[in-house]
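The next block holds one structure in the form of structure tokens; read it before the comments.
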Amino acid sequence: MHKKFDSTQIEKKWQERWKESGIYTVGERDVTKPKEYVLVEWPYPSGNLHIGHWYAFAVPDIYARFKRMKGTQVLFPMGFDAFGLPAENAAIKRNLDPKAWTNDNIAYMREQLISMGCSFSWDKTANSTDADYYKWTQWMFTQFFERGIAYRGKGVVNWCPGCNTVIANEQVLTDGTCERSGDVVEKREMPQWMLKITEYADRLTDDLNALDWPEHIKEAQRQWIGRSRGAKIDFKLSTGDTVTVFTTRPDTLFGATYVVLAPEHPLLQNDKVRGETSNLTEVNNYITTAKQKDEQDRLDATKEKTGVKLEGITAINPASGEAIPVYVADYVLGGYGTGAIMAVPAHDERDYAFATKFGLPIKQVVVPCANDSKNPPQSGYEEVKRDTVIIHLRDKSTGKFALLNWHGTLEGITTAIMGGIEEGQTPEEAALAEIKEEAALDNVKIVHSLKWITAAKYCASHKKQNRCAHTYTFLGEVENLEQQGSIPEAENSLHTLVWVEKTQVLAKLTPDHQKQVWELLQKDTVLTGAGYLMNSGEFNGMDSDEAKEKIVAQVGGEMTSTYRIRDWSIGRQRYWGVPIPIVYSPEGVAHIVPKEHLPWVLPEDVDFKPTGVAPLAKSEALRKRTEEIFGVGWTPEVETMDTFVDSSWYFLRYLDNANPDSLSSLEAQKNWMPIDIYFGGAEHTTMHLLYSRFWQKALFDLGLVTETEPYRRRINRGLILGPDGNKMSKSKGNVIDPDAQVALVGSDTVKMYLAFMGPYEGSNYPFDLGGIAGLRRFLERAYGLRDHIIPNEPLTVTKQLHKTIAKVNTDIVEFKFNTAISAMMIFVNLAEKEGLTEETYRMFTRLLAPFAPHITEEIWTELGETTSIHLTEYPTANPELARDTEVVIGVQINGKLRGDITLSPNASEAEALNMVKENPVLRTRLEGITPNKVIYVPGKIINLILPT
RNA sequence: GCCGGGAUGGUGUAAUCGGUAGCCACGCAAGACUUAAAAUUUUGUGGGCGCAAGCCCGUGCGGGUUCAAGUCCCGCUCCCGGCACCA
């Protein structure tokens, strides 16, 4: 029965009682219990909680409450990430003090957060703008500075004209706009405060492996860090200078036919190089134009390659000893690798495009091996092994490759190639005829016109598993290619036969399947994969992987890694942030502000209107303070820190938030770290999540933290969309105000609705005003269940209760709150119809408590209890009762569903067959027929195969 | 282009060690209650044929494996997210 309740009154009452009794106060670590550190990303105090905050905090609260009732000591803190631009912009607009604005917002949002009824650990809160907090932010910075992790760098930075400040690479979106303001970001050259995240790139990549994070998040971080392994190789220039290139394919060194420098490359400013360049004006013009191009243009991969040759200058290929030309071209980036490449047009598409345009030689040095991970053995396909023959051809006129790929018999292709040519037949016709005959296929065609095939015979030997190596024999011409070192070309041929290779695939090949697989592929691409070397002197025939290191060693290069990630620029030319605790001596040397002068307080006498000049430069108080402490002529650093710095360590401060002597004691960390589960938004995957991992590692190296990784698990939630399915925005008028919803249906309902929409991880869901009403109805029915209490309930109800308990217990830990709620709904539907005992009602109410903390507390009291339901133990299912004693299984006849039978899940096949025979509907179908075969899966299905 | 994740009723979703597809909720339709509406409640609700029993079709598309496929395999299409002249 539906029983209305006054959610506003009930929720207010319980929120007050919880506050009075302090039941969510964590206090000291209780070592008799296991710990669970549940972290949600701390909010920016923008002034109002939006529905996204509810999704971010209230749903994880289910998990926190569940764990607490399970007997775990749960830390579930909440705080405020309160520095940043919105406060400053609001202050500019309304002419107020950012501090006052921020503090007002925090006070208001705290009340709103309390109205959510979440079990936050308010005794473990933090606020990044408290001097007690940012004192430590500053102190850590000084420690990093002393160890070279923080440094004053120079370089091209991202300048956001909207924010009037420098921003980090991570804050620039793919379309070149600012993550915060949406303005198009400009490139500017200026000195910058940087953190050496690049020095941690390897650890940040490697340590991902051990984390229990969703693979897609790890992968996104790996890509962002962008480690690629390769080699640095020196090329001597005719000027006597050396240019170091970075390549991931040192195995193709013999195929390097020219060298390219990025327009930013320092050698281009080298006097000797400039002196010997006969077309210097042209080169200079190119460099100037390239630098003026905006980032967008330059990164457009589809545009045609441009570049200019440095006339009069050559480089020596250290492997072949050949003199090769040197170019400057903007397809090589100054900021990646060494800013210079060796170009191998035969095996790199960009080099190929450039070489074709400028008429540069293309020299193939690797024969690709087609049998790679593309066709891994599939389970279930082991039975039949078939040989595969792949014929590689190269079109002489275009330099492009063709690939004939045939899954057939080895003998077939050999015959085809060797077989006699009948009168009037072209060689390819002869080959086709043979292939068709051998493989009994008829849809065979050659898409690439073969004028001649030089090969006649090959043999294959296997060097490695799943990889083939080749010994090649060319009829009448070459006995063994490995010895020969190059591929002979047949006269009069349009194509060079590049390779014939034998591999094996594990597959069942029916004639139909063969037809599918039987494709003659025309590959219009440059072959970029690994394989075996050719045209590479002593390395011919060597596997590319092996050749990489050997060639590098031979030419005195160095195996190394390079990264996509750049150092983190943290200086901001804005007011409302942590002042960088650096002062400059009269000579302009940077010194840290020592610990006794921390916090290095943000001055208040500042005109923070954005002019492009750092506002702190205008502070008289800061200037005076600096001179008083350090001496006349000393000047303060006037930049503040990126707010991502504040959030890089807040989870440590939560643990020990009143500690005046340390950012967070090691003891507190030993008690609580690492964070067991971190709930947050997908937008932080490559920003906050990466920065804070870096920060943690840097602290670890200083002995200030106990863990190398802060977050053991991570869940990225989705977005709550407007009812129209669009992202909520004021302009679209589709914003749902959580306060209004709470006033209407109560916070329990809003929370449960958000949890019910779908799995917590991943997807975005539209907010449906009808859907939320359904959850309110559910709670009213759960509340009204009391009127269905009977002295003795049917066994079905007891069993359903225990099944529900089992389901909810497993679903919560998998963050599948939606199916947990669905299970509880099923229980209420049944209990309403059948009635339930008071004992069952109590169990159910406790089961529901983490989801609907207020109304369950109310029910608990009405049942005569005087202590909080949230201090009770979470129900555990009785496995006996949760198990089904009878199941309905489907009956299939020849694989088609024809009815069902009800029986014990343990019933034997004979019993099941009897049930089928006794079933009035099914019986008629089986009259006088003995099935050929019976497939019976207890508890699942029975399938009878009848003779046809 | 590369990497990751998806596609199931009118909607959000459920069911993946292959075993009765559509649980739960929303919406919709009809009935009850009501002067009426709201609220509540009962029934129905993937599509098609049929009075019914029942039959056929159905999880983005095309094939395949299997007694049995939303689930596995091969080949596509589209959508979402990340990266992208990264050597």
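Naming: A, B, ... by sequence-line order, numbering from 1 per chain.
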(request) When you get a sec, tell me which of B/C85, B/G12, B/A14 is the closest nucleotide to the side chain of A/Thr819? (result) B/A14
(request) Classify the nucleic acid contact of A/Val888 as base, sugar-phosphate or nothing, counting any heavy atom under 4.0 Å across all strands shown. (result) base
(message) If I pick the C1' atom on B/U20 and the same atom on B/C67, what distance separates them, to the nearest angstrom?
(response) 15 Å
(message) Can you tell me which residue among A/Asp202, A/Ile197, A/Thr198 is in a side chain to side chain contact (heavy atoms under 4.5 Å, CB included) with A/Tyr563?
(response) A/Asp202
(message) In this structure, how many angstroms lie between the P atom of B/A87 and the CZ atom of A/Arg249, rounded?
(response) 12 Å
(request) Select base, sugar-phosphate, or nothing to describe what A/Gly226 touches, counting heavy atoms under 4.0 Å on all strands. (result) nothing
(message) Test your reading of the model: is there a side-chain donor-acceptor pair from A/Tyr331 to the backbone of A/Gly307, 3.5 Å cut-off?
(response) no
(request) Tell me which of A/Asn764 and A/Ile826 sits closer to the 5' end of RNA chain B, going by the nucleotide each one is nearest to. (result) A/Asn764
Using atom names, set out every protein N or O paired with an N or O of nucleotides 54-60 of chain B below 3.5 Å, distance rounded to 0.1 Å.
from, atom 1, to, atom 2, distance (Å)
B/C55, OP1, A/Arg898, NH1, 3.4
B/C55, OP1, A/Arg925, NH2, 2.3
B/C56, OP1, A/Arg898, NH2, 3.2
B/C56, OP2, A/Arg898, NH1, 3.0
B/C57, OP2, A/Lys896, NZ, 3.3

(request) Verify the contact: side-chain N or O of A/Asn894 to OP1 or OP2 of B/A68, cut-off strictly under 4.0 Å; return yes or no. (result) no
(message) Using the side-chain heavy atoms of A/Asn943, tell me which of these nucleotides is nearest: B/G19, B/A25, B/G12.
(response) B/G19
(message) I need the CG-P distance between A/Leu779 and B/A25, as an integer number of Å.
(response) 13 Å
(request) Would you indicate what A/Asn818 reaches in the nucleic acid, counting non-hydrogen atoms under 4.0 angstrom: base, sugar-phosphate, or nothing? (result) sugar-phosphate
(message) When you measure from the side-chain N and O atoms of A/Ser228 to the phosphate of B/A87, is any distance below 4.0 Å, counting only OP1 and OP2?
(response) yes
(request) Check the distance between B/C85's P and A/Asp330's CG and give it to me in whole angstrom. (result) 11 Å
(request) Take A/Tyr327 and A/Val332 through the test side chain to side chain contact (heavy atoms under 4.5 Å, CB included) and record every step on the way to the result. (result) CA-CA 10 Å; A/Tyr327 281 78; A/Val332 174; over 6 Å; no
(message) Taking the minimum atom-to-atom distance to the side chain of A/Tyr765, which one of B/G12, B/A87, B/U20 wins?
(response) B/G12
(request) Let me know the distance between CD1 of A/Ile565 and P of B/C83, rounded to the nearest Å. (result) 12 Å
(message) Let's see if you can work this out: which of B/C26, B/A87, B/C83 has an atom nearest to the side-chain heavy atoms of A/Asp768?
(response) B/C26
(request) Give A/Gly337 one of three labels, base, sugar-phosphate or nothing, depending on what nucleic acid heavy atoms sit under 4.0 Å from its own. (result) nothing
(message) Within the supplied structure, the quantity of interest is the number of heavy atoms (other residues, nucleotides, ligands) at a distance under 6.0 Å from A/Lys833 NZ; does it exceed 12?
(response) no
(request) Could you tell me the separation between the CZ atom of A/Phe778 and the C1' atom of B/G12, rounded to a whole number of Å? (result) 17 Å
(request) Run the ring-centre check on A/Phe778 versus A/Phe756 and record whether the distance is less than 6.0 Å. (result) no
(request) Please report the shortest heavy-atom distance between A/Gly746 and A/Arg776, naming the atom on each side. (result) N-NH1, 4.4 Å
(message) Can you work out whether A/Gly771 or A/Val172 has the more 5'-proximal nearest nucleotide on RNA chain B?
(response) A/Gly771
(request) Measure from the side chain of A/Ile935, starting at C-beta and using heavy atoms only, and say which of B/A87, B/A14, B/G19 lies closest. (result) B/G19
(request) Could you tell me whether the phosphate oxygens of B/C26, OP1 or OP2, come under 4.0 Å of any side-chain nitrogen or oxygen in A/Arg777? (result) yes
(message) I need a per-nucleotide contact map over nucleotides 1-9 of chain B, read 5' to 3'. Cutoff is protein heavy atoms under 4.0 Å; write B for the base, S for backbone only, - otherwise.
(response) --BS-----
(message) Tell me the interatomic distance from A/Met342, atom CE, to B/C85, atom P, rounded to whole angstroms.
(response) 20 Å
(request) Have a look at A/Asp351 and say if it touches a base, only the backbone sugar-phosphate, or nothing, with a 4.0 Å heavy-atom cut-off. (result) nothing
(message) Under 3.5 Å, is there a donor on one side chain and an acceptor on the other for A/Asn734 and A/Asn726?
(response) no
(message) Between P on B/A87 and NZ on A/Lys305, what's the gap in Å once rounded to a whole number?
(response) 14 Å
(message) Measuring only the C1' atom in each nucleotide, how far is B/A32 from B/G22? A whole number of Å is fine.
(response) 29 Å
(message) I need the minimum non-hydrogen distance between A/Thr560 and A/Lys232, along with the two atoms involved.
(response) CG2-CG, 3.6 Å
(message) What does the 5'-to-3' dot-bracket notation of RNA chain B look like when only Watson-Crick and G-U wobble pairs under 3.5 Å count, and pairs to other strands show as |?
(response) (((((((..(((......[....)))((((((.......))))))((((....))))..(((((..]....))))))))))))....
(request) With C1' as the reference atom in both, quote the distance from B/A68 to B/U16 in angstrom, rounded to an integer. (result) 15 Å
(request) List the atom of A/Val259, the atom of A/Ala315, and the distance in Å for their closest heavy-atom pair. (result) CG2-CB, 4.1 Å
(request) Could you give the distance separating B/A36 and B/U43 at their C1' atoms, to the nearest angstrom? (result) 24 Å
(message) Side chain of A/Ile341 only, heavy atoms from C-beta on: which candidate in B/C26, B/A87, B/C83 is closest?
(response) B/A87
(request) Can you see which heavy atom on A/Ala256 is nearest to which on A/Asn317, and at what distance? (result) O-ND2, 3.1 Å
